[in-house]
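Please read the structure below before turning to the comments.
Residue numbers begin at 1 in each chain, while the letters A, B, ... track the order of the sequences. Keep in mind that this is a model prediction, so the values were computed, not measured.
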Protein chains: 2
Amino acid sequence: MLTNERYELILNKLATHKTVKITELIEATDASESTIRRDLTELETLNKLQRIHGGATLPDRDMQELSISAKSEKYFSEKVKVASLAASIVKEGDFIYLDAGTTTFQMIPFLKDRNITVVTNGLTHVESLTEHGISSYLIGGYVKATTGALVGQQARNSLKQYHFNKCFLGTNGVDPVHGYTTPDPDEATVKSLAAEQSRTTYIVADHSKVKKSSFIKFLSIEEAVLIIDEMPEDILNELEEKTLVKVVQK
Amino acid sequence: MLTNERYELILNKLATHKTVKITELIEATDASESTIRRDLTELETLNKLQRIHGGATLPDRDMQELSISAKSEKYFSEKVKVASLAASIVKEGDFIYLDAGTTTFQMIPFLKDRNITVVTNGLTHVESLTEHGISSYLIGGYVKATTGALVGQQARNSLKQYHFNKCFLGTNGVDPVHGYTTPDPDEATVKSLAAEQSRTTYIVADHSKVKKSSFIKFLSIEEAVLIIDEMPEDILNELEEKTLVKVVQK
DNA sequence: CTGCTTATGAATGATTATGATGGATTTTAT
DNA sequence: ATAAAATCCATCATAATCATTCATAAGCAG
């Protein structure tokens, strides 16, 4: 039996049963314990599975892990709805900017097969973008280890090279008076500039951000279209005096 | 049995079984082991199949992962030795450029706790860099999905913002006459520019690259210090007339 | 026929995969 | 908590497979 055939067999068993025991695999492949162990070690380094005592189990896969940890996040399903609505605005051939952040990340699966070009400052976005076959540019800059965002003066300089017809930004606060705000000055300047470089700017947010404001304002309400999952009637009216607001249909 | 008949038989078996063993093919075609091997080699260069130890399998599956993991397997221990030697050159406070690629990737663990700043075009490097607590900047540019390298004009512009005292580049060919070469024009221009922006440039390579040349020349031999695991005496002499060569101690 | 190219098979030493062993570690049962 | 059982890891020798080289055979143009 060829090495690859064993790999396949192992992965198949895993896919159907979620876990496999080494003894099972020895029996099924007629290989020695050593060989099976080596197979598991190898497949583990390829992130195809996770070894456990006595066998193996499905891994916290890179992508799935991200989406799983994202799912455990607050308002995940709302974010996906917002992302879906935002993505529906993107048309064939568009040249768009995708801000780092979880909501914009959720837009990616909805963007495939649309022959668009994406520029982003989100390191974590890139893997998903290329996996979905989307032509991608990353801006340069300092790597903020905690969020995987590219920030700072270098990011701004790098960003100046591009122009977009649509720009999608996340935010930490949406307030009729204080505008769109975020706690990190480095990220704020990058957001502002991205908006400047774009014909239209869209803010994606869930309702938990409404009437909140954070440290730094990066855009006024008028400067962007707001895409959100739900919104109290009174504030919606207040915002709509200043800009277009798209609320997800129930 | 004619060559083409064998080819057909091999591809048929593959189509139905997903994998074939060489011993099976010897039996089925009544040809010698050598002939079958030659057939497989040929069909592989035509991308009709992928050779694996003991036989062959259908191509394409997990192309990205395989090409990356395969690369890091061949001459892996040599690469690590070279990487270790190269990393020993980096001093406290240095500001260095780290090219995308497997050998430069192996340098990262050797660089920690040295209070340096790293700029790179290797998307895959970033995670490892931040894990090792190294302050990192990524240049911008087009994301080349196969290698995770940032390339193109935007990468060049982004790179121009930085200056280094040391620059570490990988290469596909080292030749006394043709210099340092690589198959991808986009990557080549980025390498050249990185070298320009640096006081000193180091090429890291394993001996399999010696006397090879690829499509595009990005540097002359004189322009960089060569760091390599081993080297035939005659070529070493020839190279040493032009530049400094550091060979890993046995 | 001669000289040339191409295909083949055999032999070699190198590389890789494998299975077995013994001692460490972890789990399980008491 | 302790002992027994199972599982794990590192190491080794062996077997299988691999790349390379060489010599021969087959096909073919001149």
### Under-4.0 Å side-chain N/O to phosphate OP1/OP2 contact, B:R51 with C:dT16
no
### Message
Just the rounded figure in Å: distance from C1' of C:dT8 to CD of B:E42.
### Response
15 Å
### Message
In whole Å, I'd like the distance from the CD1 atom of A:I36 to the C1' atom of D:dA6.
### Response
17 Å
### Task
Indicate whether OP1 or OP2 belonging to C:dA10 is found under 4.0 Å from a side-chain N or O atom of B:R37.
no
### Query
Looking only at side-chain N and O atoms, does B:R6 come under 4.0 Å of OP1 or OP2 in C:dT8?
yes
### Crowding at NZ, B:K217 (>12 non-hydrogen neighbours, <6.0 Å)
yes
### Query
With respect to the side chain of B:S32, which nucleotide from C:dG9, C:dA20, D:dT7 is positioned closest?
C:dG9
### Task
Let me know the distance between CD of B:E33 and C1' of C:dT12, rounded to the nearest Å.
12 Å
### Message
What contact category does B:T41 fall into here, base, sugar-phosphate, or nothing, at under 4.0 angstrom with non-hydrogen atoms?
### Response
nothing
#### Entry: Side-chain ion pair, B:K48 and B:E44, N-O less than 4.0 Å
no
### Task
Would you mind telling me which residue lines up with the more 5' stretch of DNA chain D, A:I22 or A:L2, judged by nearest nucleotide?
A:I22
### Task
Remember a base hit wins even if backbone is also touched, and classify A:S34 as base, sugar-phosphate or nothing at under 4.0 Å, heavy atoms.
base
### Query
Rounded to the Å, how far apart are B:K21 NZ and D:dC18 C1'?
17 Å
### Message
What's B:I52 touching, base or sugar-phosphate or nothing? Going by heavy atoms closer than 4.0 Å.
### Response
sugar-phosphate
### Query
Roughly, in whole Å, what's the span from CG in B:L25 to C1' in D:dT17?
14 Å
### Message
So, OP1 or OP2 of C:dG19: does either fall under 4.0 Å of a side-chain N or O from A:T35?
### Response
yes
#### Entry: Residue whose closest nucleotide on DNA chain C lies nearer the 5' end, A:H53 versus A:D39
A:D39
### Residues B:D184 and B:K144 bridged, charged N to O under 4.0 Å
yes
### Summary
Taken to the nearest whole Å, CG/A:N4 to P/C:dA17 is 10 Å
### Task
Check the distance between D:dT7's C1' and A:R38's CZ and give it to me in whole angstrom.
16 Å
### Query
What is the ring orientation for B:F164 with B:Y97, classed by angle as parallel under 30°, tilted 30 to 60°, or perpendicular over 60°?
tilted
### Task
Would you mind telling me which of D:dC18, C:dT27, C:dT18 lies closest to the side-chain atoms of A:T3?
C:dT18
### Message
Can you tell whether the side chains of A:E5 and B:K21 come within less than 4.0 Å, N to carboxylate O?
### Response
yes
